[in-house]
Amino acid sequence: MSVYFTRASFQFLRDLRNNNNRAWFADNKSRYEGVVRQPFLHLIADLQPALAKISTHYVADPRTQGGSMFRIHRDTRYANDKTPYKTWAGARLFHEHHRQQEAPSFYMHFEPADCFVGGGIWHPGAEALKRIRSFPCQQPGGLEKATRSRSFTTHFALGGDSLIRDPRGFEVDADLLQDIKRKDFVASQRFADALACSNELKPLLIDRFKRVAPMIDYLCASLDLDF
């Protein structure tokens, strides 16, 4: 089994956090390519066969432009924080129709002392959020089945923001109402940097993608997307 990241990968990210400026990055770009970007792209490519067995409608895209890996440059146009680079590496394995409409994704994130794997849909727009919240009324029990199984709860915690007040127009039981109040429908599990640097990484990611897949499937159904 392959090892993708090393201690050098995480050292680069720590160094970038302490030197988040264009001059330093230009001097260290070859480090970034060698210990972060290229290993990550190889990992993404190696995940595609296993992902296809989970869903034929999801893609692990190793292209350097427009693929699964997030670019390292931050969008600072409307941000108070003007530091130019992300100090983490992340990728979403996306739905084949994600460019046509909002869709949930599988996700993996590598950052010193904050690595995690999971999936879902983060900050969906108003129309997508309305459809996701309305779907439990059409498919009672579907969300609970997707997120309350032992396979799911043993490994994942639901996250993201929620409304403080109950949304109007939903007649569901109290437990389900807590889910409908969510603004984000995401689940994740953290893992150690040392695991990210071992040959256990790829099997772990594949296993967790399988376990979070029922929630992704449910969210796809709420948005009329094939899974």
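Excluded from the calculations below are hydrogen atoms, water molecules and symmetry mates; all remaining heavy atoms, backbone and side chain alike, are included.
Comment: D179 engages R148 in a salt bridge, judged by a side-chain N to carboxylate O separation of less than 4.0 angstrom. Of the charged side-chain nitrogens involved, none lies within less than 4.0 Å of a carboxylate oxygen, so that R7 and D193 do not count as a salt-bridged pair. Using a cut-off of 4.0 Å between Lys/Arg side-chain N and Asp/Glu carboxylate O, D184 and R182 are scored as not salt-bridged.
Between S55 and I216 the shortest side-chain heavy-atom distance does not fall below 4.5 Å. In this structure, L93 and S105 have side chains that are not in contact, with every pair of non-hydrogen atoms separated by 4.5 Å or more. The closest side-chain heavy-atom distance from D161 to H123 is below 4.5 Å. At least one side-chain heavy atom of H109 sits under 4.5 Å from a side-chain heavy atom of E111. The shortest side-chain heavy-atom distance between L43 and L201 falls under the 4.5 Å cut-off. Within the 4.5 Å cutoff, no side-chain heavy atoms of K181 are placed close to those of R165. In this structure, N21 and T83 have side chains that are not in contact, with every pair of non-hydrogen atoms separated by 4.5 Å or more. A 4.5 Å side-chain heavy-atom check between V212 and Q189 finds every atom pair outside the cut-off.
A donor atom on one side chain and an acceptor atom on the other are found under 3.5 Å apart for R211 and S151.
Across H97, H95, H98, a single residue satisfies ring pair (Phe, Tyr, Trp, His ring centres under 6.0 Å) together with Y58, and that is H95. For the ring pair (Phe, Tyr, Trp, His ring centres under 6.0 Å) criterion with F40, the lone passing option out of F12, Y4, F110 is F110.
Here CZ of F106 is found 11.5 Å from CE of M108. Values are rounded to the nearest 0.5 Å. The CE atom of M215 sits 8.0 Å away from the CZ atom of F156 when rounded to the nearest 0.5 Å. Atom CG of L129 sits about 9.5 Å away from atom CD of E127, to the nearest 0.5 Å. Interatomic distance, L13 CG to N18 CG, rounded to the nearest 0.5 Å: 11.5 Å. We find the NZ-NZ distance between K210 and K53 to be 7.5 Å, quoted to the nearest 0.5 Å. Atom CG of L143 is separated from atom CD1 of I180 by 8.0 Å, given to the nearest 0.5 angstrom.
The main-chain N or O of L47 is never found under 3.5 Å from a side-chain atom of K202 such that the two would form a donor-acceptor pair. At distances below 3.5 Å, not a single donor-acceptor pair connects side-chain atoms of S134 with backbone N or O atoms of R131. Under the 3.5 Å distance criterion, the side-chain polar atoms of T56 are left unmatched by any main-chain donor or acceptor of A52. Judged by distance alone, the side chain of N20 and the main-chain N or O of Y85 form a donor-acceptor pair under 3.5 Å. Remark: side-chain polar atoms of D217 are not paired, donor with acceptor, to backbone N or O of A213 under 3.5 angstrom. Side-chain atoms of T87 never come within 3.5 Å of backbone atoms of R17 as a donor-acceptor pair (strictly under, hydrogens ignored). Between the side chain of S68 and the main chain of R92, a donor-acceptor pair closer than 3.5 Å is present. The closest donor-acceptor contact from the side chain of Q38 to the backbone of Y32 lies at 3.5 Å or more, if one exists at all. Side chain of K82 to main chain of A79: a donor-acceptor pair is present (N/O by atom type, distance under 3.5 Å, no hydrogens or angles). Panel note: side chain N28, backbone W24; a donor-acceptor pair is recorded below 3.5 Å.
V35 is not connected to W88 by any chain of hydrophobic side-chain contacts under 4.5 Å among Ile, Leu, Val, Met, Phe, Trp and Tyr, and they are in different clusters. No continuous path of ILVMFWY side-chain contacts below 4.5 Å connects W122 to F94, so the two sit in separate hydrophobic clusters. Hydrophobic clustering of Ile, Leu, Val, Met, Phe, Trp and Tyr side chains at less than 4.5 Å, counting indirect connections, keeps L219 apart from V59. Under the 4.5 Å side-chain heavy-atom criterion for grouping Ile, Leu, Val, Met, Phe, Trp and Tyr, F70 is not connected to V36 through any hydrophobic cluster. Tracing side-chain contacts under 4.5 Å through hydrophobic residues (I, L, V, M, F, W, Y), one never reaches V186 starting from F209; they form parts of separate clusters.
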Kindly determine whether R208 and L205 satisfy side chain to side chain contact (heavy atoms under 4.5 Å, CB included), including the steps that lead there.
CA-CA 5 Å; R208 299 309 188 262; L205 295 173; over 6 Å; no
For Y218 and F227, what are the C-alpha separation, side-chain angles and deciding distance, and is it a ring-ring contact (aromatic ring centres under 6.0 Å, His included)?
CA-CA 9 Å; Y218 173 87; F227 184 82; over 10 Å; no
Taking it one step at a time, do L16 and K86 satisfy side chain to side chain contact (heavy atoms under 4.5 Å, CB included)?
CA-CA 9 Å; L16 178 58; K86 302 181 180 94; over 6 Å; no
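Of all the heavy atoms in A60 and P62, the pair that sits closest is O-CD, 3.4 Å. Annotation for Y107 and A91: closest pair CD1-O, 3.1 Å, computed over non-hydrogen atoms. Looking at every heavy atom in both residues, A146 comes nearest to F152 through O-CD1, 3.5 Å. Pairing each heavy atom of L223 with each of P104, the nearest pair is CD1-CD, 4.1 Å.
The aromatic rings of F25 and H73 stand perpendicular to each other, their planes meeting at an angle above 60°, with 30° marking the opposite boundary.
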